Enquirer: 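One structure, pasted below without further comment.
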Amino acid sequence: MKEQLCQGERRLCGESIFKTGKAMTDPNKVIINLALFGMTQSGKSSAGNILLGSTDFHSSFAPCSVTTCCSLGRSCHLHSFMRRRGREVTLQVQVLDTPGYPHSRLSKKHVKQEVKEALAHHFGQEGLHLALLVQRADVPFCGQEVTDSVQMIQELLGHAWMNYTAILFTHAEKIEEAGFTEDKYLYEASDTLTTLLNSIQHKYIFQYKKGKSLNEQRMKILERIMEFIKKNCYQVLTFK
């Protein structure tokens with residue numbers, strides 16, 4: 001049944017190129033490729049550092065866009081992260097950090113070209129497992145800026161973007177401080193967010209900082225990401 005679902009997905013993808021990534025050929029090691037998208041000051045670079053367990057990406061508060069070019073980070077090996085086919089598997093994470101859009105200094109054309117070239121360079125052959133749209137949980141998900149960010153993902157990933165996109169809500173501790181549960185937060189979300197969640201099959205992650213160590217944050221997010229990748233039959237999106 002699972003293989004039938006995967007085959008059906010390939011048919012639906014039309015001209016998009018899908019394959020099992022090279023990293024999946026070693027039964028004892030899995031490499032997952034992720035790309036971060038989102039608006040300026042949404043917390044992309046900080047989220048990338050959590051995913052990597054490092055400080056590869058420059059992250060700071062600023063009244064303007066901080067990231068101006070794409071950068072790839074690679075994590076150390078996470079031994080015995082999961083079991084696959086009865087074996088303990090080591091995980092390595094590769095994360096592409098991208099300039100925020102809308103950007104305070106760069107045009108949409110510049111940002112799009114920068115990200116397009118980076119996706120082709122880093123994931124052209126191995127493929128992208130998941131794009132994470134990074135969104136602050138304490139900022140309403142509505143307006144033209146949000147629409148522009150989603151549109152850029154659609155343009156860069158193509159018509160199969162929905163199968164390879166998830167939302168990462170940063171600053172999720174603000175939800176608890178306001179007396180919301182995750183379910184209540186999503187129930188009262190804007191129509192824009194509800195429509196997007198429906199489109200991407202409700203793939204979302206809440207990132208909490210308050211009261212949690214960096215390693216706890218990292219492991220919970222990676223476990224959730226692996227759930228999405230497994231449901232997608234470990235397929236990847238490649239770029240010509």
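Keep in mind it's a predicted model, so treat the numbers as computed, not measured. Both backbone and side-chain heavy atoms feed into the values below; hydrogens, waters and symmetry mates do not.
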Enquirer: To the nearest 0.5 Å, what is the distance between NZ (Lys44) and CG (Leu132)?
Expert: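 Rounded to the nearest 0.5 Å, the NZ-CG separation comes to 12.0 Å.
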Enquirer: What verdict does the side chain to side chain contact (heavy atoms under 4.5 Å, CB included) test give for Leu128 and Leu157, after you've listed the backbone C-alpha separation in whole Å, the side-chain angles of each residue and the deciding distance to 0.1 Å?
Expert: CA-CA 9 Å; Leu128 177 70; Leu157 302 190; 3.9 Å; yes
Enquirer: Leu119 and side chain to side chain contact (heavy atoms under 4.5 Å, CB included): which single residue from Leu96, Leu237, Thr98 fits?
Expert: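 Output: one option passes, namely Leu96.
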Enquirer: Kindly compute the distance separating CD (Gln92) from CD1 (Ile31), expressed to the nearest 0.5 Å.
Expert: 5.0 Å
Enquirer: Sequence neighbours left out, cut at 3.5 Å: what donor-acceptor pairs do the side chains of residues 196-205 make with other protein atoms?
Expert:
unit_1	atom_1	unit_2	atom_2	d
Asn198	OD1	His202	NE2	2.8
Asn198	ND2	Thr194	O	3.2
Ser199	OG	Thr195	O	2.9
Gln201	OE1	Lys203	NZ	2.9
Gln201	NE2	Ser199	O	3.0
Lys203	NZ	Met162	O	3.0
Lys203	NZ	Thr165	O	3.4
Lys203	NZ	Ile200	O	2.7

Enquirer: Do Leu36 and Leu91 share a hydrophobic cluster, counting only Ile, Leu, Val, Met, Phe, Trp and Tyr and linking them when any side-chain heavy atoms are less than 4.5 Å apart?
Expert: yes
Enquirer: Can you classify the ring geometry of Phe206 versus Phe169 as parallel (below 30°), tilted (30 to 60°) or perpendicular (above 60°)?
Expert: parallel
Enquirer: Sub-3.5 Å donor-acceptor pair from the side chain of Ser54 to the main-chain atoms of Ser75, do we have one?
Expert: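 Judged by distance alone, no pair lies under 3.5 Å.
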Enquirer: Look up atom CZ in Phe37 and atom CD1 in Ile167, then write down how far apart they are to the nearest 0.5 Å.
Expert: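 Taking CZ in Phe37 and CD1 in Ile167, the distance rounds to 14.0 Å.
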Enquirer: How close do Val134 and Gly43 get, heavy atom to heavy atom, and via which atoms?
Expert: CG1-C, 3.9 Å
Enquirer: Test side chain to side chain contact (heavy atoms under 4.5 Å, CB included) on Met39 and Gln135; report intermediate values, then the result.
Expert: CA-CA 7 Å; Met39 295 186 294; Gln135 166 70 24; 3.7 Å; yes
Enquirer: Is there side-chain contact between Phe81 and Val89, with at least one heavy-atom pair below 4.5 Å?
Expert: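 Phe81 vs Val89: side chains apart.
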Enquirer: So, for Arg218 and Cys76, which heavy atoms are closest and what is the spacing to 0.1 Å?
Expert: NH2-O, 4.4 Å
Enquirer: Side-chain contact, heavy-atom cut-off 4.5 Å: Tyr164 with Gln235?
Expert: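 They are in contact (side-chain heavy atoms under 4.5 Å apart), so the answer is yes.
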Enquirer: If only atom types and distance count, is the side chain of Glu114 paired as donor or acceptor with the main-chain N or O of Cys70 below 3.5 Å?
Expert: yes
Enquirer: Would you mind listing every salt bridge (charged side-chain N to carboxylate O under 4.0 Å, His left out) that reaches into residues 151-166, with sequence neighbours excluded?
Expert: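 The answer is Lys108-Glu155, Lys112-Glu155.
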Enquirer: What closest approach, in Å, do Leu52 and Gly73 show between heavy atoms, and which atom pair accounts for it?
Expert: CD2-O, 3.5 Å
Enquirer: Between His129 and Leu34 (side chain of the first, backbone of the second, donor and acceptor by atom type, cut-off under 3.5 Å), is there such a pair?
Expert: no
Enquirer: Scan for side chain to side chain donor-acceptor pair (under 3.5 Å) pairs involving residues 171-181, sequence neighbours excluded, and state none if there are none.
Expert: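 Pairs touching residues 171-181 that pass the test: Arg136-His171.
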Enquirer: For Arg224, is there an ion pair with Glu227 - N to carboxylate O distance below 4.0 angstrom?
Expert: yes
Enquirer: Atom NE2 of His122 and atom OG of Ser71: how far apart are they, to the nearest 0.5 Å?
Expert: 7.5 Å
Enquirer: Could you check if a side-chain atom of Val95 sits within less than 4.5 angstrom of a side-chain atom of Phe57, using non-hydrogen atoms only?
Expert: yes
Enquirer: When rounded to the nearest 0.5 angstrom, what distance separates CD1 in Ile153 from CG in Leu133?
Expert: 4.5 Å
Enquirer: Hey, are the side chains of Leu51 and Leu222 touching, using non-hydrogen atoms and a 4.5 Å cut-off?
Expert: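 A side-chain contact exists here, since the closest heavy-atom pair is under 4.5 Å.
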Enquirer: Which atom names give the shortest non-hydrogen contact between Ser46 and Lys209, and what distance separates them?
Expert: OG-NZ, 3.3 Å
Enquirer: For residues Gly38 and Ser149, report the shortest heavy-atom separation together with the two atoms involved.
Expert: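 Closest heavy-atom pair between Gly38 and Ser149: C-OG, 4.1 Å.
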Enquirer: With a 4.5 Å limit on heavy-atom distance, are the side chains of Phe123 and Leu72 in contact?
Expert: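 Heavy-atom side-chain distance check passes, below 4.5 Å.
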Enquirer: How far apart are the closest heavy atoms of Thr238 and Gln125, and which atoms are they?
Expert: CG2-O, 3.7 Å
Enquirer: Could you tell me whether a side-chain N or O of Asn33 sits under 3.5 Å from a main-chain N or O of Gln94, the two making a donor and an acceptor?
Expert: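 Between the backbone of Gln94 and the side chain of Asn33 there is no qualifying donor-acceptor contact (under 3.5 Å).
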Enquirer: Run Asp56 and Asn49 through side chain to side chain contact (heavy atoms under 4.5 Å, CB included) and show every step you take.
Expert: CA-CA 6 Å; Asp56 286 39; Asn49 287 333; 4.2 Å; yes
Enquirer: Could you measure the distance from the CG atom of Asn163 to the CG atom of Leu130? Nearest 0.5 Å is fine.
Expert: 11.0 Å
Enquirer: Counting N and O atoms only, with roles assigned by atom type, does the side chain of Ser80 sit under 3.5 Å from a partner on the main chain of Glu88, one being a donor and the other an acceptor?
Expert: no
